[in-house]
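Only one structure is covered here, and it is reproduced in the block below.
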Amino acid sequence: MTRFLAALLGMALAAGAATASAQSITVALNADIRSTNPGVNRDDNTDAVVLHMVEGLVGYRANGSVAPLLAESVERSDDGKTYSFRLRQGVTFHNGAPLTSADVLWSWNRYMDPKTDWRCRSDFDGRNGLKVEKVEAPDDRTVTMTLDHASALFLDALARTDCGGTAILHKDSLKPDGSWDKPVGTGPFRFGEWRRGEYVTVSRFDGYQSPPGDKPDGMVGAKRTALASVKFLVVPDASTAKAALASGAVDVAQVLETDVPELNKTKTVEAGFFPSTTKHTFLFQTRDPLLGNVKLRQAIAASLDIPQLVAAVSNGEGKPNNSGVPVTSAYYDAVQAKGYAYDPAKAKALLKEAGYKGEPIKIIANKRVHVPSFNAAVIAQAMMQAVGINAQIEVLEWVTQLDRYNTGNYQMMSFSYSGRLDPALSYEQFSGPKDSQPRKVWDDPAVQDLITKASTISDEAQRQAVFDELHKRQMEATPLIIFSNGQEAWAHTKRVQGADPWEGKARVWGARVVGN
Amino acid sequence: MLHFVFKRIAMAVPTLLIMAVTVFVLIRLIPGDPAALMLGDLATPASLADLRERLGLDQSLPVQFGIWFGNVLRGDFGISITSSQPVLPLVLDRFWISARVVLIAVLLASLFAVPAGMIAAWRQNSGTDLFLVGTATLLYSIPTFWLGLLLLLLFGLELNWLPVVGYVSFSEDPRAALLYIVMPVMTLFLHEMGVLIRMSRASTLEVLRLDYITHARAKGLSETAVLWRHAFKNAFGPTWTLIGLVLGNLLGGIAVVETVFTIPGLGRLLVDAIFARDYPVIQGCLLFVAFVYVAVNLVVDLLYPVFDPRVTAE
Amino acid sequence: MKRLSLNVVLGGAIIGIVIAGAVLGAVWTPYDPLKINFVARLAPPGAAHWLGTDEFGRDVLSRLMAAAATSMLISLSTVAAAGLLGTAVGLVSGYARGWTDRILMAFNDALLAFPAILLALGLLTVAGANSSGIIVALGLAYTPSVARIVRGTVLSLREREFVEASRVMGNSEFYTVLRHILPNCVGPMTVLATSMFGWVLLAESALSFLGLGVPPPAPTWGNMLAGSRPFIAQAVWLGIFPGLCISLTLLGINLLGDALRDRLDPRMRGAS
Amino acid sequence: MTDTILPGALLDVENLSLAVTATGTKVVRGVSFTVAPGEIVGIVGESGSGKTLAARSIMALQPPAIRRTAGTIRFEGRDLAGLSAKALRDLRGGRIGMVFQEPMTSLNPSMTIGRQLEEGLAVHQRQQSAEGRRAQVLDMLRRVGIADPDGALGAYPHQFSGGMRQRIMLASVMLLQPALLIADEPTTALDAVVQRDVLELMVGLTRAHGTAVLMISHDLSMVARYTDRIIVMRKGEIVEQGRSDELLRAPRHPYTRALLSAMPRRQPARPIPPVATPIIEVRDLVVEYGGRRGLFRKEAGKRALHGLSLSIMPREVVALVGGSGSGKTTLGRAIAGLLPPSAGTIRYAGRPIGAGGAEWADYRRNCQMVFQDPYSSLDPRMTIGALVGEALRTVPDMGRGEKAERVVEVLSEVGLGKPFADRYPHELSGGQRQRVAIARAVVRRPAFVIADEPVSALDVTVRAQVLELFADLQARHGFSCLFISHDLGVVEQVADRVVVMQDGRIVEQGDRDTVFDHPAHPYTRRLLSAIPALEPAGEGGVRLKWRFDDAVPVAVPS
């Protein structure tokens with residue numbers, strides 16, 4: 001009976017597998033996408049899926065610099081205020097329409113319309129400082145944008161993945177009534193079907209024109225795909241995702257760090273770690289009566305064996321980094337590499353200097369998967385306790401922690417910042433005036449000036465000097481302890497190659513199926 | 001009969017009303033702001049204000065409630081904050097997915113458990129009874145999610161008989177769909193069987209003590225006839241009520257099983273909505289769950305006279 | 001008779017061991033249940049660690065023992081909270097009848113119409129995910145069931161002749177409720193309390209599983225089991241032992257509950 | 001019609017012993033008796049005598065916890081122990097039928113009458129066609145006096161009254177024309193009037209078919225009326241058996257004599273001194289049930305009492321009699337203040353007992369009640385001392401010591417004594433509990449006691465003792481009493497005056513001797529004709545006498 005049942009099930013499974021065509025893969029998403037509307041209703045999964053279908057004028061390279069994408073070239077005026085984008089030739093939308101500067105204008109105007117709810121509108125309308133004053137299309141292939149002041153970060157902002165890469169869309173993306181329908185973009189894949197809560201499918205866009213390059217490089221480089229179709233399957237649970245990889249139901253998935261060695265032992269799956277610009281940190285509330293004392297913060301930093309901690313939370317794969325400059329960045333050099341030293345004796349001495357008398361210090365953490373928040377807190381707690389700090393852990397649900405983060409209501413918090421490829425933006429994430437923005441942790445006007453400088457100037461050597469200075473000041477003031485950048489564990493079945501993720505997001509245009 | 005139905009529905013109205021208010025207030029007591037969550041650490045004061053305005057979160061609570069409740073009365077449960085989908089179709093879609101698993105599991109469990117409980121009662125204190133009660137108590141004592149994990153481990157990974165992930169709808173591929181819901185159904189089936197065997201046994205024991213059973217035996221009926229013709233219907237009444245309760249509860253509450261087996265059902269939708277502070281979805285889900293509970297129990301009560309003609313629908 | 005004694009013996013033995021473990025766990029465990037040891041990460045059961053270690057190298061047996069105390073305490077407090085509140089509501093509702101009853105029961109039914117676990121989920125996010133939050137949330141979530149049952153008992157008790165006798169003697173309603181009705185609710189309440197104890201244990205672990213239980217690092221069986229999920233294939237002992245603890249305790253509780261029901265539930269009496 | 005192999009004995013039970021399997025406690029010990037074809041034999045005994053178990057074990061239908069330890073049962077010459085399950089089933093119903101005590105639970109509530117009746121026929125007369133069975137069922141229903149047999153086929157048991165159900169039960173058994181009918185207290189749960197009708201019907205039917213009957217009852221006088229032979233059982237043993245008239249006239253065993261002497265009989269009438277104000281005066285009392293005040297309307301309820309008036313004099317015992325549903329209990333509860341009257345007044349010692357206020361408190365102190373069921377009228381969680389003492393709780397001007405003394409005093413008055421004060425109700429027998437209930441009622445020295453069926457749940461011998469105690473106490477303390485009972489025998493013994501109720505109205509009232517000897521209302525006559533009266537005969541025995549025998553319709557269509 002059992003054997004019969006097994007045979008029956010085996011047959012059914014085989015039949016199921018045979019229907020999948022050769023160049024099709026399934027990618028696991030840990031949550032459903034929120035929409036297919038670039039930069040409007042989004043999260044990381046949404047961005048990952050949407051960016052397979054749409055492209056903007058410019059995009060990130062793997063090292064965080066910005067390169068042309070739909071543009072062939074970008075020229076900046078001498079005063080730094082006018083950008084001129086020359087569109088690539090022969091690019092067509094999924095519906096076959098050629099890309100022209102009119103489409104860019106239409107897309108831009110749509111984004112700047114409050115009704116669209118583009119999340120990055122405030123970054124371009126002056127409310128966050130930068131203002132695009134004018135957008136014009138002198139000819140079919142040229143678009144010029146004029147800013148109110150020079151900015152080193154304008155192109156960066158356009159390329160941001162959470163803004164949907166400021167994707168250029170065709171009008172057909174909207175329904176006749178002006179509401180969102182589906183992405184008609186220029187990306188390597190075209191939209192297939194979205195079954196809410198279940199999956200999204202995309203299929204190869206045969207008329208795709210790839211930007212130059214011989215291999216994928218961030219959002220640019222070679223993007224022409226060998227895959228006929230991709231199914232993004234919603235698998236909310238990490239254990240199930242792992243099981244699905246093992247059984248071949250899923251080809252690519254983010255997995256838990258702890259599962260990597262085990263998965264690598266299997267015959268069919270390969271797992272590895274992929275860096276991102278995410279910052280894993282411990283935040284301090286510098287207005288806390290206790291932690292306002294820099295000596296105490298330094299003591300905590302000295303009490304942490306950061307390489308050990310990073311190894312523990314990343315299964316030995318992560319690289320410590322105490323700097324706001326991501327390890328993958330072009331600006332990461334010897335200065336940034338010099339971080340905190342593990343020194344329990346010094347920690348104890350500093351505690352004494354700080355007049356610490358065993359008051360409890362509460363570390364807020366959460367249990368989201370794929371961020372080391374809780375694990376890092378547990379280990380930090382143990383290390384802090386070892387030098388006599390009365391560390392306690394309070395585990396909060398993520399939304400609640402976010403609420404505390406936004407209001408600054410905490411002593412210490414195990415927190416991960418989402419990726420910022422440019423170091424200036426990275427520093428900006430945690431620096432600023434607490435009075436107006438309680439979520440900022442580093443409130444120092446001098447630092448603010450340095451960041452503004454790095455945001456305005458474009459010269460790389462000058463920027464490097466600013467970032468080096470910022471790093472030294474950060475090590476001294478210790479408003480937070482950055483301990484590493486993201487090191488996400490991903491796995492794929494061995495029938496698939498080249499499905500490496502980028503910045504914590506699935507990116508499969510470089511993938512191909514090599515066996516079954 | 002019709003009068004009874006109307007009366008029961010009328011009686012449910014205050015219940016649902018109280019629930020609506022409770023749900024609305026309760027979820028707004030939960031710390032956390034859906035707008036802040038959506039923007040995460042990338043939020044700027046300007047983008048946050050934009051989003052809050054778009055979601056209507058900048059209004060005062062009574063105004064928000066008034067708008068929401070007015071819309072609900074018109075059949076509009078609002079738009080999900082996270083997926084921008086209308087809530088009612090979303091809830092209904094997810095509900096059918098959960099309902100399929102729950103209905104199959106409870107039906108199967110009833111089919112097995114009711115006779116098993118009756119046999120246990122009939123052979124009270126025998127080895128069979130001890131075995132059945134023991135098994136039932138054991139099954140009933142295993143948390144469903146653990147049971148689910150063990151099944152996943154066994155059938156999905158060790159034996160590799162069943163697909164471990166995902167969900168295929170019946171309209172798409174009925175055979176695959178069946179394979180995908182085997183384990184969730186089995187998990188619920190085993191657990192509920194434990195519950196129902198115990199109930200069926202207890203109510204059968206009670207019935208078997210009554211004179212009409214002895215009377216039936218005294219008439220010379222075989223034990224099969226005594227059990228089926230005389231004990232079954234009478235003992236099934238209480239079990240039937242319990243099945244109704246179980247159904248009512250499960251239809252809204254299999255979040256755990258749905259999480260284990262990644263079924264995009266109602267329970268999962270609700271849990272995700274709670275984590276995302278997706279107020280319209282939470283409100284819609286809970287209201288719907290309560291409505292289903294009330295409706296299921298109404299149907300159960302209406303059908304009760306089939307098993308016990310003494311109870312008339314009045 | 002035979003089954004009853006078997007129930008009591010088996011159930012009693014299981015619960016006895018659990019309570020002993022919990023009491024011992026509160027004062028002494030083989031290792032510090034919170035002590036991290038990177039060298040011994042995910043060690044399988046062996047001589048040093050009888051039940052193995054978890055992903056932080058913490059001793060599973062020690063954590064199970066510490067967890068027993070926490071789990072028992074949470075379950076007991078929740079049962080007590082729901083029992084007291086539910087009894088109060090049920091008593092008032094059942095004895096007062098009329099509009100008081102109708103209003104109270106309308107609220108009660110509204111809460112009953114939520115599956116308890118969902119209600120607890122909602123309440124828990126308000127009360128905060130920690131031991132006291134769980135007690136409040138689960139306590140409130142189970143109150144309606146208790147109130148329903150107590151009300152039912154009161155309604156049937158108030159028709160009993162000894163309650164009428166008390167009225168004939170000229171006793172006040174308050175006295176009658178306190179002296180005659182409340183003590184006679186104790187029997188059904190005890191039976192209910194045992195099943196509720198089991199429900200709470202289950203609910204706590206299910207909440208942990210959904211990510212809202214007692215926050216780590218403090219161990220409970222529920223959060224240990226939930227935390228073992230990623231290691232289900234790799235370190236199966238992490239899930240098996242807490243799972244067994246929950247299932248066995250529930251089994252013990254259910255067995256004892258059955259025995260109690262046989263003793264206290266008048267409908268079940270007179271089987272022989 | 002009988003086709004017995006052994007003409008002497010249809011059923012021969014020899015040395016039967018039964019025991020509880022788990023504990024080994026013997027419940028029936030060495031019982032031997034026979035039933036001849038066509039003979040009607042009664043087994044009489046009080047609760048715990050083992051009579052029901054002995055009878056049920058004939059068909060191996062005793063509860064599963066009871067085991068046969070010794071003895072043989074022969075039916076039509078065959079030893080039943082050796083029968084296969086199949087043969088036993090053929091015997092059940094086909095040759096031996098059984099009628100049960102409780103008409104409320106002896107028919108399957110979820111099956112139509114027609115199916116339940118046909119079912120037996122289908123098993124035992126397989127060659128019959130469905131139409132033939134139906135015709136037979138209809139005929140039998142008609143014979144047991146069901147007015148609309150066709151309608152009854154599709155009806156469910158709950159649509160019939162207790163008496164009707166017992167007739168249906170009888171029909172279902174007699175359909176199969178068994179050689180022996182075992183009737184286990186077939187009429188105990190019925191009203192006196194209905195009881196007699198059903199018994200007459202049963203005897204008539206079985207005589208017509210030549211069916212032997214083994215009738216089990218606690219009521220000696222009832223059994224004696226219909227049986228040829230009586231077996232008296234006590235504590236699992238047979239103490240005496242013999243021809244019914246002889247056994248009554250000349251009982252040999254002391255227990256049989258005790259049973260007979262425990263039968264209630266009339267006491268000489270007591271003079272009640274006339275007083276101007278009655279202690280209780282009820283005027284135009286109306287009670288309605290189920291009337292509910294909705295939000296917008298007031299629903300009219302079911303009227304249980306239709307404007308009654310009644311007075312009770314000091315020291316007087318007034319009996320309230322009537323069938324079930326006559327409203328007698330409702331009246332008692334209304335007077336006790338447990339039910340709010342919808343209209344009318346109740347006066348105590350001339351003053352209206354308005355709810356609340358001093359009059360109400362005074363009335364509460366002076367009016368006490370004894371309930372029917374001694375198992376439910378005592379709070380199981382209180383000791384006897386506390387139960388009785390509780391009645392003194394609200395009595396003003398009484399010290400703690402004084403109260404304790406009074407409790408002990410009253411406990412010994414009811415024949416229990418001080419040691420009982422620390423016991424709990426479940427440790428007491430039914431009779432002892434009822435004594436506690438009486439003690440609780442009289443401990444406050446009330447002026448008026450309502451006794452609602454105080455002895456109907458008790459065994460005959462215990463009942464006699466409790467009645468005697470009650471009479472003693474009444475004589476000693478001189479309280480007035482409203483004595484509610486459906487048992488006219490008891491009423492005849494205790495009442496000074498009798499009030500007869502039917503359908504919520506008083507149909508007749510008067511002093512006891514007038515009502516019993518010269519009933520004016522036909523309903524009273526029917527009530528009285530349903531119960532036997534006893535006349536002392538020589539040798540310590542009695543002779544049965546039926547009143548107004550002419551009034552009883554003995555109609556058995558054949």
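Each chain gets a letter, A, B and so on, in the order the sequences are listed, and its residues count up from 1.
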Please classify the contact of C:Trp221 with chain B as side chain, backbone, both or neither, using a heavy-atom distance under 4.5 Å.
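C:Trp221 has no heavy atom closer than 4.5 Å to chain B.
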Given that the side chain runs from C-beta out, which part of C:Leu251 has a heavy atom under 4.5 Å from chain B: side chain, backbone, both or neither?
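Answer is both: backbone and side chain atoms of C:Leu251 are under 4.5 Å from chain B.
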Side chain, backbone, both or neither: which part of B:Phe291 has a heavy atom under 4.5 Å from chain C?
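Neither; nothing under 4.5 Å.
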Which atoms of B:Ile274 are under 4.5 Å from chain C, going by heavy atoms: the side chain, the backbone, both sets, or neither?
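It is the side chain, since no backbone atom gets that close.
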Output, in order, the C-alpha distance, side-chain angles, deciding distance and verdict of side-chain contact (heavy atoms from CB on, under 4.5 Å) for C:Ile246 and B:Trp146.
CA-CA 10 Å; C:Ile246 296 177; B:Trp146 199 49; over 6 Å; no
Could you measure the distance from the CD1 atom of C:Ile253 to the OG1 atom of B:Thr137? Nearest 0.5 Å is fine.
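That separation rounds to 13.0 Å.
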Out of curiosity, C:Asp109 CG to B:Ile18 CD1, how far, rounded to the nearest 0.5 Å?
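Answer rounded to 0.5 Å: 8.5 Å.
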Winner by heavy-atom pair count (cut-off under 4.5 Å) against chain C, out of B:Gly134, B:Cys285, B:Ala290:
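Answer, by heavy-atom pair count under 4.5 Å with chain C: B:Ala290.
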Among the options B:Leu17, B:Leu147, B:Leu286, B:Ile282, pick out the one with the most heavy-atom pairs lying under 4.5 Å from chain C.
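Counting heavy-atom pairs under 4.5 Å, the top option is B:Leu286.
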Counting only heavy atoms not in C:Phe107, do more than 12 fall under 6.0 Å of its CZ?
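Counting neighbours around CZ of C:Phe107, 12 or fewer heavy atoms of other residues, nucleotides or ligands fall under 6.0 Å, so no.
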Between C:Leu248, C:Leu112, C:Thr249, which has the largest tally of heavy atom pairs under 4.5 Å with chain B?
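That would be C:Leu112.
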Taking it one step at a time, do C:Asn254 and B:Ser141 satisfy side-chain hydrogen bond (donor to acceptor under 3.5 Å, both in side chains)?
CA-CA 8 Å; C:Asn254 287 330; B:Ser141 301; 3.0 Å; yes
Do any of residues 237-245 of chain C come closer than 4.5 Å to chain B, heavy atom to heavy atom, and if so which ones, in number order?
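Interface residues of residues 237-245 of chain C: C:Gly239, C:Ile240, C:Gly243, C:Leu244.
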